[in-house]
Each structure stands twice: as structure tokens, then as C-alpha cells.
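Letters A, B, ... mirror the listed sequences (proteins, then strands); counts begin at 1.
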Amino acid sequence: MILQIDQLSAGYIKGSQVLDGLDLSVAKGEFIALLGRNGMGKTTLMRAIVGQLKPSAGKIRFAGNDITGAAPYKAARAGIGYVPQGREIFADFTVEENLRMGLLGKPGLGALVPDWPYEIFPILKERRHQRAGTMSGGQQQQLAIMRALLGQPELLILDEPSEGIQPSIVHDIGIALRDYAKEHGLTILLVEQNLDLVSLLGHHALFMENGSIVERVDDMDRLQNDAALIARYLSV
Amino acid sequence: MLLRLPILLSLAFGLLLLLAPLALDDWRLSQLAQLLTYGIFALSLSFIWGQVGILCFGQAIFFGTGAYVMALVTLGKLPWLGESQILGLLLATLAAGGVAFILGLFLFGGRGITGAHLAVVTLCAAVVIEIATGRWGFVGGYNGLRGVPPLTTPWPRDDIYLSGLETYFLIFAVLAAVYFLLLWLTRTPFGTLLAAIRSNEERTRFLGFDVTMAKLFAFFLSGMVAGLAGGLFAAQFGFVSPQLIGFALSTEVLIWVAVGGRGVLLAAVAGALLVRWGEDQLSDQIGQYWLLATGLLFIVIVVIAPRGLFGRILDLSPHRKS
Amino acid sequence: MDIVVLIGLDAFSYVLTLLLVTLGLVIIYGMMNVINMAHGELFMLGAYTVATLLASGVPFWICLLAAPIVVGLAGLLVEEFVIRHVYGRPIDTILATWGLSIAIKQMIIIVFGPAAVSIANPVPGSVNLMGVDYPAYRLVIMALAAALALATYLVIYRSTTGLQIRAVISNRAMAGSLGVNTRRMDRATFAVGSALAGVAGAIMSPMISVDPQMGVGFLIPAFLSVLVGGLNSLIGAVIGAGTIGGTTSILSANMAQADAQIIVFLLAIMIIRFVPQGLWKGFR
């Protein structure tokens, strides 16, 4: 298991837990999609894994190391790449500076952006000297993903990458990411509502409800066909 | 429990002050009376900072205004007003309140400023007023005004000047009155509104309360209390100078209140007594170390114990969750 | 004409030294939201470092190099023992650093006594500049201050470290999740900001009275510069220091210094009150 979470509890206000004794394990090279309605704790779980939120109880192990409550930079250097909800690119930086930020925090990766990110998403090359904040949502998402991949993570965490982006572009991003991940043995943990992207990037689907994982689906066809499943966990 | 520990301790503190004359000679008693005046001053800051959450770095502006007005009136510099002490104190209180009201309008009116901006603006205002006072010949300029008459009885008698004991009890009574007034105020609905502003100003505003007016009134009241303390101080000390109105004293009172415990009125008084007492009692040499220790203590309190030395043990608010 | 040149030079030299102090404040505030009231005392420590080393026979220019190192180390200690415990509590940073300023001042009084220390001018004499004789060392101050301000600008906007610093300023959590060691960045930024104050104090030390109360005299104008120019921006710092320093110098030439100070402070209070985001952001 590359990521092993045991009995994790976390929340924003003392005494009120968003995550409540959550267990999760992800094997290397697996694509896991995490589904559930809003407010069930998906983003909280992601933030706890990357160290932006200190858990109140439980353990998070990554690639054999205990990273429970470690500072974000330690989680990042251990090999976790994070593409947060809302992308959080540095709007005032140029595209290239954003990409360099993917390298600078990791010792040994230098400071020069190689060519391969630009080959995967050519628009980034075209816009490399433009301020990132002026780009469209889809382009910013490509930038955020590449910024994370440049740090050569073993696990990539994506939180709602399709949010606010045209479906056709979401599809293209999904294919590019799937190809890259397969080629590099990257593990993906994806929080998503868009079932197209889930079927592209998910081998397994986990359903989250009230701060814990309640169901695991290995047969991804069920996501398309099992109306009862969708109704239970996803419809509002 | 009918009498909780903080209530007992608060009563004991009051009783200790009441019985202090039994143990002190005249000179020490007059020193303690001055400390109590500082205690009134500390109350004014504790109210505006601890209860309303406004960190004012210029509280001495109001104290100094009170002191100067008292001095000007009782020295007869404003001849058309006469030289009455009662009038002096009254005007000292009102003038300081007026200054606070005007400054408050400037700070809170319109969109207003808060936090760091407010702290720096009040700090600069104190510096400006201190320099300006030093440049103003009518109020004695840099040298200040000397010979402010000591407190007297308002009615005629053989020796109209109050004895040390009488002065002490007068100041004690004023301190107690101001304390109970402010304590009562924190328990009225208005006090609840102030507490709401302290905990979340924006939300209180959205709920439809006139936050600006409430802050303005609290600031006005705090200014009046500081002015009253300043007026009493001028008469006790016999001398007013630009230092009383400026930056240094403003930050000193901040330290007393923080060390004592900003959230609890009586704790602020205790803080003022303790810190000032240390400064006054210790000789110059050790005094430097005392100041150093005060600075370090202040840091420690801000960082790890925001309730101060006495904030917990003198907290009278009912049923506060720990 | 001569008087104009003279006032211009005085204003320029004051603005540049004020800028050095202001830059440190701005970097520290921008990076960690810490309002450092002890900055004036760090400035003072720079001056006292020079005084101490000079007294034991170290040449002035070496003292000048030592000051930022000593004060930078002091900054590291301060960050470790005080500042890092109040991150995220802006009002408490004001108070805690105010306590620090008192403590440092008292330590200086205990060690060096309350009286002023005098430091000999290392470059006596004057230079004829555009028709006026101007003290040579003041020109040195200007050159050093300008060079340091430029260097700071280049580090922040042209180096990879600067890129990381700006990333932390703009989004601390995200920078961390990209692997930037935010803890080390905080430490380094506080140390560098302190060192800038220290070097400013060292450079100015032969020209001003070096005494335990000197910090406040620089802290307040520097603070006003930061707020007038706009928190969080180096260009704002330049505008702020220019406004405060320039007005002070020009007014001081025409009236008593105290009166000039009153006018400048009132002007600054007005700007802070009515343009709280600062001149740089306020009018853009």
C-alpha cells in the first residue's frame, strides 16, 4: 500500500469532526476516485493527507513513512502532489514561474522547466510568459496539474479538477493525465463529481458519507448503470 | 457554590485596599493613592480593549487631556471658569470624553479602520499630541505646568487640604464607583453588544446592530474614565507635563492591562498596581532589571497566557466555559 | 539654487535610509503578517554593534559588515522564541514585538548605560556637488542604501529564492504543498528583514545619536511609510518612504523639526485613515 490511512479524525473547529475514524488504503499505481455529496468531508480528507489540516486522531502512512500531521512541505517532499480545488495557481506569476514553483521546493530537481510539460499541454508553452491569472479555467487547470507533476510525485491528489471547465476540455485533460500516469506508474486519488472523468481516471470508486468511506465499487460499469447507487450517494 | 473563588478573591482584593491605610505611613499611602489613580486609568483601557476589542495605542491622550484640563482650571489659567476643583474634574472628564469622541468619529466613522491600522493611527496620534503639547506655550510647553493645587474639601474648614488618608479614600471610592459602573455596563444588553463586536464585528453589523455608534459610545466612555483619572492625577502629583499625554504612557498602560489580564476589569487594576509598584519601589539600578522583566513577562503573557496574571482568578463573569 | 540642491540631497539621503528600515518591515509583514514593533530596536542593535566593535579596534568597514550578521542572528533568535508562536494572530504580534522592543531597549541600557555613544565619522570632509559642499559620508550612506535597496529588489523579483518567498506570501498553504519549506522561509525572511534594519542602523550610526531611545525615532516613520505606501509591496515601501521621508526633510528645512514632524504625522494619519490599502494600491 502506498497510502494507508487508519482511523483518521479531523475537523476545523475543536470538538466537531468532519472526518470520523476514516480508513483508506491505496495501492501503488491504482487510480482511486472518491465520490460523495458536498459536505461529506472529501476536501477535508485531501487537506489532511497533504498536511494542510492537522488530524486530531488516527494515522496517515505514505510509502512506508508516517506523515500524520507533517507540515505540507514534508508531505510534498515525501512524494505527494496536490492539485487543490479551485486550482490555486499563483495568479500574479507567469505560467513559467508557476511551473518553476513545482520544481523549486523539491531538492535536486533544479530550477529549469524541462520540455515535456509543454509537449503534453502545448498551450502552456504558447502562454509561458503570460500572467497565469489571465488564462481560462481549463488552461489554469492544465497548469496546476503540470505544476504538481513537475515535482515528480508518486501520488497525485486532484480535488474536483473538472469544476467550472468545459466538458470537452475536461475529457482531453483526463486522457493526457491517464496516459502520463500509466507511463510513469503514478498513483491517482481523485475527488470528482464528473462521471466522465471518473471513468477515465478511476479503477475503483469509493463513496464517502458523513466523514467515512461507506462503500467501495470495483466494477466501474456500475457507476453508469446502477441508478440506485448514484441516487444513494450522489443525488442531492 | 454561592461564593465562587473569583468572587472571594475580588472581595479580598478590595478589602486589602480598604485596610491598606492601617499598615502604611502617610507617604506610602499617598504613593498607593497614586497607584489607584493609575488603576482607574487601567480600567479605561481594559474596558475598551478587553470588552470591546479595540486596541488603542493612544490611551494616554485622554488621561493627559484630563490632567491638563484639571491643571489649567485649578491654576486659574482659564479665569472665566473660576478655579474650582470639582469643576476641574468635571471638565477634565468631559474634555477627555470629547477628545475620545472626535478621535472615535475619525477612527470608526464611515468604513472605519481596525487592527493594525487602528493601532498605528492611535499611536501616531499620541506622538503628535505629545509633540504639539510640548510646543504650546499656553499649557507650559515642554516644561509643563507646575504647582497644581492638591485636593481640597469643597466645603470650608480649618485645613481645606485633604489629608493623606482622606485622599486615599476619595481615590478608592472613585475607583470603586468606576469599577462597578463598568462592571454593571458589561452585564447590560449594551455590554453584550460590545462583547459581540469584540468576538465578530462584521457579523454583529450584519445582524443589524449599529456597531459604529456602539464603539463610539464605548470609546467616549473609556475616554471619560481616563480623563477623570488624569484629572485626579494632576491634583495628586501637582505637576503635568507632555509625557502624560503621549506615547510612552500609552504603551505603559497597555502593558499594565495585558500583564494583569485584559479581559477582566479588576485584573487590569491589579496589573497596574503591580507593575507600577515595582517601578516605583525599586531603585534605579534594579529598576532597569524590573523593566526588563516586565517586557519579558509581557511577551510571555501575550504569547501563551492572554488572560494575564490575574485574569483567571478575578474573572467574575458567570458560567464561562473554560 | 544651492539651498534647493542641499534640501534635495538631504531629502534623498533620508528617504533612502528610511527605505532600508521600511523594506525590512515590509518583507516581514508581507511574508508572515507580523507587525514588528521591535524593528526600531533591531536598527539600534546595528548601531550598537558598530559602537562595540569600533571600541575594540575593529575598522569601521568591517563593523559595517558585521552588523547585519549580528542583527540577523538576533532576528533568528527572536523568530524562534517569540514570533513563531504568534503567527496568525496579527494583533498579538504587535504586542509581543512591543514587549520585545522594551526588553531589547532595557538590555542595552543595562549593558551600555542610558547615555549616548558617539561614533566617529569614518569619511570626514565634504564633497562639492552641484555647487554645494556636502558631507562625504552622507553620500556614502546614499550609495550604500540605494545599493542595498536595489539588491533586495533583485533578490525578491529576480532570484529563485525570491520566487519562493513571493509564492509563500501569495499562498502559503499551496507553496507548502509544492514542497517549499515554509518554516525555513519564515526564519530566513525574518533574519533578512532584521539584518536590513541592522545594516541601516550601522550605516547611520556615525550621523545620529546612538542611544537606547533611538529605535522609536525610526520605527514610527518607517511604520508610517509602510502603511502609507501599502502593506505587502516593495514599490509601496518606496512610495511610502518617499512620501514620509521627502516631506519631513523638505518641511524641516523651513520650520522647527517638531512642527515638521507634527505635519508629516498628521498627513500620514489622514492617508492611512482614508486610503487604508496604501497609496500604491489605493490609486491603481
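For C:Leu100, the parts sitting under 4.5 Å from any heavy atom of chain B are the backbone and the side chain alike. Contacts between C:Ile35 and chain B at a heavy-atom distance below 4.5 Å involve the side chain alone, from C-beta outward. Within the 4.5 angstrom heavy-atom criterion, only side-chain atoms of C:Ile220, from C-beta onward, approach chain B. Interface remark: C:Pro276 contributes backbone and side-chain atoms alike to the contact with chain B (heavy atom separation under 4.5 Å). Contact of B:Leu254 with chain C is made through the side chain alone, with heavy-atom distances under 4.5 Å. Neither the backbone nor the side chain of C:Ile104 comes within contact range of chain B; no heavy atoms are under 4.5 Å apart. For B:Ala119, the part sitting under 4.5 Å from any heavy atom of chain C is the side chain, from C-beta outward, and nothing else.
Considering all non-hydrogen atoms of both residues, C:Leu95 and B:Phe298 come closest at O-CE2, 3.0 Å. Heavy-atom minimum distance, C:Ile91 versus B:Leu55: CG2-CD2, 3.6 Å. Considering all non-hydrogen atoms of both residues, C:Ala103 and B:Leu296 come closest at CB-CD2, 3.8 Å.
The shortest side-chain heavy-atom distance between B:Phe247 and C:Val216 falls under the 4.5 Å cut-off. By the 4.5 Å heavy-atom criterion applied to side chains, B:Tyr289 and C:Met107 are not counted as neighbours. In this structure, B:Ile255 and C:Ile102 have side chains that are in contact, with non-hydrogen atoms separated by less than 4.5 Å.
Side chain of C:Arg89 to main chain of B:Val302: a donor-acceptor pair is present (N/O by atom type, distance under 3.5 Å, no hydrogens or angles).
Under a cut-off of 6.0 angstrom, the local environment of CZ in C:Arg183 is crowded, with over 12 non-hydrogen atoms contributed by other residues, nucleotides or ligands. For C:Glu80, the CD atom sits in a packed shell: over 12 heavy atoms of surrounding residues, nucleotides or ligands are nearer than 6.0 Å. For C:Phe81, the CZ atom counts as loosely surrounded, since its 6.0 Å shell holds 12 or fewer non-hydrogen atoms of other residues, nucleotides or ligands. Heavy-atom neighbours of B:Phe206 CZ from other residues, nucleotides or ligands within 6.0 Å: at or below the threshold of 12. Counting non-hydrogen atoms of other residues, nucleotides and ligands closer than 6.0 Å to CZ of B:Arg205 gives a total above 12. By the 6.0 Å contact criterion, CE on B:Met213 is open, its count of non-hydrogen atoms from other residues, nucleotides or ligands being 12 or less.
Rounded to the nearest 0.5 angstrom, C:Lys105 NZ and B:Leu291 CG are separated by 9.5 Å. Atom CD1 of C:Ile108 and atom CD of B:Gln288 lie 12.5 Å apart (nearest 0.5 Å). Distance check, rounded to the nearest 0.5 Å: SG of B:Cys124 to CD1 of C:Ile262 gives 12.5 Å. Going from atom CZ of C:Arg273 over to atom CG of B:Leu118 covers 9.5 Å, rounded to the nearest 0.5 Å. Going from atom CD of C:Gln106 over to atom CH2 of B:Trp290 covers 13.0 Å, rounded to the nearest 0.5 Å. Rounding to the nearest 0.5 Å gives a distance of 12.5 Å between CD1 of B:Ile299 and CG of C:Asp92.
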Inset, instruction - Could you give me the CA-CA distance, side-chain angles and deciding distance for B:Val300 and C:His85, then say whether side chain to side chain contact (heavy atoms under 4.5 Å, CB included) is met? - result: CA-CA 10 Å; B:Val300 171; C:His85 304 287; over 6 Å; no

Inset, instruction - Apply side chain to side chain contact (heavy atoms under 4.5 Å, CB included) to C:Phe274 and B:Arg111, showing your working. - result: CA-CA 9 Å; C:Phe274 293 107; B:Arg111 277 172 57 213; over 6 Å; no

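The choice from B:Val303, B:Val121, B:Leu297 that makes the most heavy-atom pairs within less than 4.5 Å of chain C is B:Val303. With chain B as the partner, the residue from C:Val264, C:Ile263, C:Asp259, C:Thr93 showing the most heavy-atom pairs under 4.5 Å is C:Asp259. Between chain B and the residues C:Phe223, C:Trp98, C:Phe265, the most heavy-atom pairs under 4.5 angstrom are made by C:Trp98. The greatest number of non-hydrogen atom pairs below 4.5 Å with chain B, out of C:Ser101, C:Pro90, C:Ala258, C:Gly99, is found for C:Gly99. When the candidates B:Ala258, B:Gly110, B:Gly112, B:Ala293 are compared by the number of heavy-atom contacts under 4.5 Å with chain C, B:Gly112 comes out ahead.
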